[in-house]
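Note sheet for the following structure.
These numbers come from a predicted model, not from an experiment.
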Amino acid sequence: MTATPSTGPTHFIHEIIEQDLRTNGNGANGQVVTRFPPEPNAFLHIGHAKAICLDFGTALKYGGRCHLRMDDTNPVKEKQEYIDAIKVDVRWLGFGWGEHEYHASDYFGQLYDWAVLLIRAGKAFVCDLPPEEVSRTRGTLTSPGTPSPYRERSVEENLELFEGMRAGRFPNGARTLRAKIDMAHPNLNMRDPVMYRILHAEHPRTGNAWCIYPMYDWAHGQSDWIEGITHSLCDQAYEEHRPLYDWFLDQLIALGAKSPNAGYRPKQREFARLNLPFTVLSKRRFLDWVEGGFVKGLDDPRMPTLSGLRRRGFTSEAIRDFCQRIGVAKRENVIEYALLEHCVREDLNKRAPRAMAVLRPLKVVIENYPEGQIEELEAVNNPEDPAAGTRKVPFGREIYIEQEDFAEVPPPKYYRLSPGKEVRLRWGYLITCTGVVKDPATGAITELRCTYDPATRGGNPPDGRKVKATIHWVSAAKAVDAEVRLYDHLFSKEDPDDAPEGSDWRVNINPKSLEVLSGVKVEPSLADTASGAKQWTDGIGRYQFERQGYFCVDADSKPGRLVFNRTVGLRDTWAKEAAKTGGKG
RNA sequence: UGGCCCGUAGUUCAAUUGGCAGAACGCCUGACUCUGGAUCAGGAGGUUCCAGGUUCGAGACCUGGCGGGCCAGCCA
């Protein structure tokens, strides 16, 4: 773990914990034990990163521990593939759980025994109502429910039927075990909630050992209690489940049930989930996007999944920093995308080696440069990090520059290349544009003619004359071809669900969320992707393409076929200026 | 005529628990610069949702409104 412990509460959750610590509020004698409890039914997203940083970070801060617990109580949705992916993502984020890897399914036996205990105490009953009837008799938000006709079954009958459920004597949906609480309770969760349902399904871990599975409410608090969790931190959506969480524990304790960690009393605390504009942080939605063909998979770089962000080039350091900056509170929040971008830029600016890549090439012939001559010019790898050293970049008579870096008729305040104007080639020479070659048929600019000043090698004119612009370039003879993928928001609306009547989120899909550039010219040093990956702990090569942005090597890259993803562009004040004046660079 | 939670710069959070409303990101201006990047300096931006009340003093406490979110899966 790389997070550093700090002192003092940073938000209300930590205030509560420090209060508990002072008063031994949960009987934990100074221990802080948290847990991160994902359901393995999909990939983790950046909202989970907030929870992970809170859960693991809190344990770290107070010298406790954090458990990783798979909340695997619904085998029809869960898969081993997701269990594996979740572990990869949590580790990648920078957190470890040591030997504390658990599964709710580890406790199926204990949960069953405790359910029997509740039945014997008259606190739970087997209900024969079909799902629709359970739903109908629950009542509504404003009216009470009606008790199940099976509510007053004898303990013996309940015991026998519950055992029958476990033994597989009934089909799916035929019966449930329900807690006996209060059908008139204003909190719907307390209206005799279902504890067990019959599911003849193979579980990734317990196989076919069970055909009844505990519901979330019956599994979660008890798992916390078993593991000695002191602070069970979760999404505000569970706030209304807290009375039930407490009710179950109260019953068990009153009935003399013993946790292996007797004396502890876990407490649930809720915080507001993270929201981002132009996307939706919902595991179920992700599958819609994949199935609809709007993205290529759960790790598509446009996805807000951790695997998508990773493939996009985000570093775990940047994501952790982001989670730190957004804070923890209870109010509904939508974090501006600019903050996430700021966090990656700040990290990558310090660490990413610079390279030159021309995304939309325009050929330049330097007329006074000897034909066939190649020079190796020295370039600084990272101005922010002298230890990164330098490298050689080949230069020749023909080079590529960015189409955007030339304007035949320069707009106001444009100070790159235009006819008669001089610019500096980064780490190279000063060149002056002397001519423009056009396609006679279309009028499109196909080539520039320039001259260079041999005295300016390295970029420093001996006469001290100033050139305002420095542009990047790549030697035409030595350039390597690459594909570059530029990404934008998957949705064009801040709230993707804000769609006219009769339509849905599909109308808000951004048709330009992916732009593939082929024929990109990159400097030859980028061909060696293996050595470029070495400095990154996750083995993903990341660079700053000078004046363009941060890019990483995509998983589709193979020897001889380079593919880069743009993580994020550089801050671009010229783009703003151009937008203001209506000009286009 | 339900329950629970939440209202502080554009955004997200602070405010030593009742004592002069701040920070970060964003935005604007300038300096510097071989990345129109980075860095540095400065600036704008607030009826603390509203109305009462308690108090010498309220963003905080009380009452009443208003606004927003969540809840009626045998999902989590």
Q. Considering only the C1' atoms, how many Å lie between B/U48 and B/G7, rounded to the nearest integer?
A. 10 Å

Q.
How would you summarise protein contacts on nucleotides 40-46 of chain B per nucleotide, using B for base, S for sugar-phosphate only and - for none, with heavy-atom distances below 4.0 Å?
A. -------

(Q) At less than 4.0 Å, is any side-chain N or O atom of A/R571 found next to OP1 or OP2 of B/A38? Yes or no. (A) yes

Check: protein-nucleotides 66-68 of chain B nitrogen or oxygen pairs below 3.5 Å:
none

Q) Which part of the nucleic acid, if any, lies within reach of A/P383 when heavy atoms closer than 4.0 Å are counted: base, sugar-phosphate only, or nothing? A) base

(Q) Any side-chain N or O of A/R325 below 4.0 angstrom from OP1/OP2 of B/C13? (A) no

Would you list the protein and nucleotides 14-19 of chain B atom pairs, both N or O, that sit under 3.5 Å from each other?
residue: B/U17; atom: O4; partner: A/E15; partner atom: OE1; Å: 3.1

Q.
Under 6.0 Å between ring centres: does that hold for A/W473 and A/F395?
A. yes

**Q.** hbond_proxy A/E336 side chain to B/G10 base (donor-acceptor, 3.5 Å cutoff)
**A.** yes

**Q.** Cation-pi check, A/R166 onto A/W210 ring (under 6.0 Å, within 45° of axis)
**A.** yes

Q. Taking a pair as Watson-Crick (N1 to N3 plus N6-O4 or O6-N4) or G-U wobble (N1-O2 and O6-N3), both under 3.5 Å, which stems of 3 or more consecutive pairs involve RNA chain B?
A. B:2-7 with B:66-71, B:10-13 with B:22-25, B:27-31 with B:39-43, B:49-53 with B:61-65

(Q) Quiz question: going by heavy-atom distance under 3.5 Å, is there a donor-acceptor pair between the base of B/U35 and the side chain of A/Q544? (A) yes

Q | Per-nucleotide protein contact string for nucleotides 70-76 of chain B, where B marks a base within reach and S marks sugar-phosphate only (heavy atoms under 4.0 Å, - for neither) | A | -BBBBSB

Q. A/F286 and A/H45: aromatic ring centres closer than 6.0 Å?
A. yes

Q: Using the C1' atom on both, measure B/G18 against B/G57 and round to a whole Å.
A: 8 Å

Q.
Let's test your reading of the model: under 3.5 Å, does the base of B/G37 pair with the side chain of A/E384 as donor and acceptor?
A. yes

Q: For ring-ring contact (aromatic ring centres under 6.0 Å, His included), just list the numbers for A/H203 and A/F108, CA-CA rounded to whole Å, side-chain angles, deciding distance to a tenth of an Å, and then say yes or no.
A: CA-CA 12 Å; A/H203 187 282; A/F108 282 175; 5.7 Å; yes

Q: With heavy atoms under 4.0 Å as the rule, sort A/Y415 into base, sugar-phosphate or nothing.
A: base

Q) Atom CZ of A/F170 and atom CE of A/M165: how far apart are they, to the nearest 0.5 Å? A) 8.0 Å

Q: Using the closest heavy atom to pick a nucleotide of RNA chain B for each, name whichever of A/I326 or A/A338 lands nearer the 5' end.
A: A/I326

Q: Mind calculating the distance between CZ (A/R345) and P (B/G37) to the nearest angstrom?
A: 11 Å

Q. Taking only N and O in the side chain of A/K330, is any of them less than 4.0 Å away from OP1 or OP2 of B/G69?
A. no

Polar atom pairs between nucleotides 30-33 of chain B and protein, under 3.5 Å, N or O only, would you list them?
none

Q: May I ask you to verify if any side-chain N or O of A/N333 is less than 4.0 angstrom from the OP1 or OP2 atom of B/U11?
A: no

Q) For the pair made of CG in A/L276 and P in B/C25, what is the distance, rounded to whole Å? A) 18 Å

Q. Does A/Y550 have its ring centroid less than 6.0 Å away from the ring centroid of A/F545?
A. no

